[in-house]
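Take a look at the structure set out below.
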Amino acid sequence: MNAKKHAMLRDTFHSPDYFRIDDLLSEEHKLVRETVRLWVDKEVLPVIEDYCQRAEFPYQLIKGLGEMGCFGPFIPEEYGGGGLDYMAYGLMMQELERGDSGIRSTASVQGSLVMFPIYAFGSEAQKKKYLPKLATGEWMGCFGLTEPDFGSNPSGMVSGFKDAGDHVVLNGAKMWISNAPFADIAIVWAKDEKQEIRGLIVERGMEGFSTPETKGKWSLRASATGELVFDHVKVPKENILPGASGLKSALSCLDSARYGIAWGTTGAAMDCYDTALRYAQQRIQFDRPIAGFQLTQKKLSEMITEISKAQLMNWRLGVLKNEDKATSGQISMAKRNACQTALSVAREARQILGGAGITGAYPIMRHMMNLESVITYEGTHDIHLLITGQDITGISAFK
Ligand SMILES: Cc1cc2nc3c(=O)[nH]c(=O)nc-3n(C[C@H](O)[C@H](O)[C@H](O)COP(=O)(O)OP(=O)(O)OC[C@H]3O[C@@H](n4cnc5c(N)ncnc54)[C@H](O)[C@@H]3O)c2cc1C
């Protein structure tokens, strides 16, 4: 099938909603979702394949993401945020990741990992200085927690800073940092002289701070990933987040981002399922549509079952988030479940498309490769399983 015919199929994208979750959404939620969905159709889908093939980040999308309020939609309006609830945030992430996990990652990092910590732990001056510009995308940010030798175990980090009067001197390095190559600011987690983990706002242009890009990725190719290198960087004390103390502050940001990932990866799964269903209904082999074969129906039936389960879990988690009752354990479970669901749906969808499934004429292979990063970042698949284990037994098996 050629690209033009593929585009015609995409125009008729039908969002799977087997359990009528739409009935549970407010008119505002539906409006938010529709706005982002149409924007993805218009701005992301026509270009994303090309950017992925070239391993480039589509910078031009930042403006639209800001205009739609995808950066920090849950931040109050007085700081430039959208003042929306977590259900709206989840729906935005679902629609963005239907387009591409890299675009959703950019929005997740900006909202949950940069704006959220400034809002939750920042001084009033920091909130006023940074949040409005981050909300529009005029400034972009990144989040530096992972280090070359400390991934699943960030508490062992070696990046640290020392007091030097009106400023501190920061040394160390962070690795695998989304948005790093173009970020204007970085939320950096580093240890003070008492070995306590603190959050600092490091700005591009500070002497000794560099952000080399990570090349050669086969996954999240349309997302810019890089390192953060700190070589005796003088950071003014006013850039330390006063309310952030200990790893728990960094982990609370990850809770917000992981919540968005649960919704986002479900969006990627919905796209793969919809593509596979349409293809199966039109592809003729042995004089009949392949959708009529039992083995294809098994694949499609299992896909929609798993997607429906993920959608219901996300919706319920959204209700709990809005009531401020969602636990880290529930968020871990939802992130892990949605990533696993999306990857299996992508793999089954790829099979249904046969050889065509490996090409860029369809989104499936791109989603599948992206999801290999998403199932690893913000806590690996196994670590999230062990978080559930710890939650239900009271015993940690990983630390
Ligand atoms: C594309 C991309 C973007 C990213 N963006 C960011 C970002 O913006 N900011 C940021 O800070 N980080 C980011 N990360 C880093 C990401 O969060 C880490 O890769 C992740 O936490 C895993 O760390 P690691 O890669 O060092 O793997 P490791 O921690 O070395 O884990 C390797 C394997 O060992 C397993 N393992 C480790 N410890 C245990 C244990 N106790 N029990 C059982 N199994 C265990 C893991 O589950 C995994 O399977 C990004 C990563 C990628 C790939």
Side-chain angles (χ1 to χ4, degrees), residues 52 55-57 97 100-117 140-159 172-190 197 199-200 202 211-230 244 247 249-258 260-261 264-265 268 332 335-336 339-340 343 366-390 393 395-399:
C52 275
E56 269 179 39
F57 175 71
E97 196 149 356
D100 190 80
S101 304
I103 307 307
R104 196 270 309 142
S105 298
T106 294
S108 280
V109 169
Q110 182 86 342
S112 286
L113 299 180
V114 179
M115 295 174 72
F116 175 81
M140 293 299 292
C142 65
F143 176 90
L145 179 67
T146 306
E147 298 191 352
D149 294 329
F150 297 94
S152 298
N153 175 24
S155 62
M157 68 173 67
V158 291
S159 293
K174 300 286 175 181
M175 197 179 174
W176 295 118
I177 307 304
S178 304
N179 297 357
F182 58 82
D184 301 285
I185 64 165
I187 302 295
V188 177
W189 300 91
I197 296 175
L200 299 89
V202 179
T211 60
E213 185 160 1
T214 304
K215 302 276 190 189
K217 290 182 300 167
W218 282 107
S219 175
L220 281 191
R221 287 169 65 80
S223 164
T225 313
E227 293 166 48
L228 305 177
V229 182
F230 315 106
L247 190 62
S249 299
L251 295 182
S252 71
C253 308
L254 292 177
D255 265 357
S256 175
R258 289 166 179 167
I261 292 174
T265 49
S332 271
K335 188 263 183 189
R336 181 175 184 274
C339 288
Q340 175 66 58
L343 255 176
R366 178 168 47 79
H367 282 311
M368 196 197 299
M369 295 202 303
N370 284 341
L371 289 163
E372 289 292 343
S373 284
V374 184
I375 203 168
T376 286
Y377 72 24
E378 310 234 4
T380 69
H381 190 61
D382 285 346
I383 292 293
H384 283 298
L385 183 82
L386 297 177
I387 289 174
T388 303
Q390 179 184 27
T393 65
I395 306 166
S396 172
F398 62 98
K399 58 182 176 196

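Note that ligands are numbered from 1 as they come in the structure, with each ligand's atoms numbered from 1 the same way.
The Leu386 neighbourhood of ligand 1 comprises atoms 42 (N), 43 (C), with distances under 4.0 Å to a heavy atom of that residue. Of all atoms in ligand 1, numbered sequentially from 1 with element shown, those under 4.0 Å from a heavy atom of Ser152 are 23 (O), 28 (P), 29 (O), 31 (O), 37 (C), 38 (N). Atoms of ligand 1 found under 4.0 Å from any heavy atom of Ser178 (numbered from 1 in listed order, with element): 3 (C), 4 (C), 5 (N), 6 (C), 7 (C), 8 (O). Each of the following atoms of ligand 1 lies closer than 4.0 Å to a heavy atom of Glu378: 17 (O). Distances below 4.0 Å separate heavy atoms of Asp382 from the following atoms of ligand 1: 47 (O). Listed by number with element, the atoms of ligand 1 under 4.0 angstrom from any heavy atom of Leu220 are 1 (C). The contact set between ligand 1 and Leu145, taken as ligand atoms under 4.0 Å from a residue heavy atom, comprises 11 (O). Atoms of ligand 1 lying under 4.0 Å from any heavy atom of Ile177, numbered from 1 in the order shown and given with element: 7 (C), 8 (O), 9 (N), 10 (C), 11 (O).
Compare Thr380, Leu228, Thr376, Leu254 by their heavy atoms: the one nearest to atom 47 (O) of ligand 1 is in Thr380. The residue among Phe143, Phe150, Trp176 with a heavy atom at the shortest distance from atom 52 (C) of ligand 1 is Trp176.
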Given the rule in the side chain to side chain donor-acceptor pair (under 3.5 Å) test, do Ser112 and Ser256 qualify, once you have shown the distances and angles that lead to the verdict? CA-CA 6 Å; Ser112 286; Ser256 175; 2.8 Å; yes
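Within a 4.0 Å radius of atom 35 (C) of ligand 1, the protein has no heavy atom.
Not a single donor-acceptor pair under 3.5 Å links the side chain of Thr225 to the backbone N or O of Trp176.
Taking 4.5 Å as the limit, some side-chain heavy atom of Leu254 sits within range of a side-chain heavy atom of Phe143.
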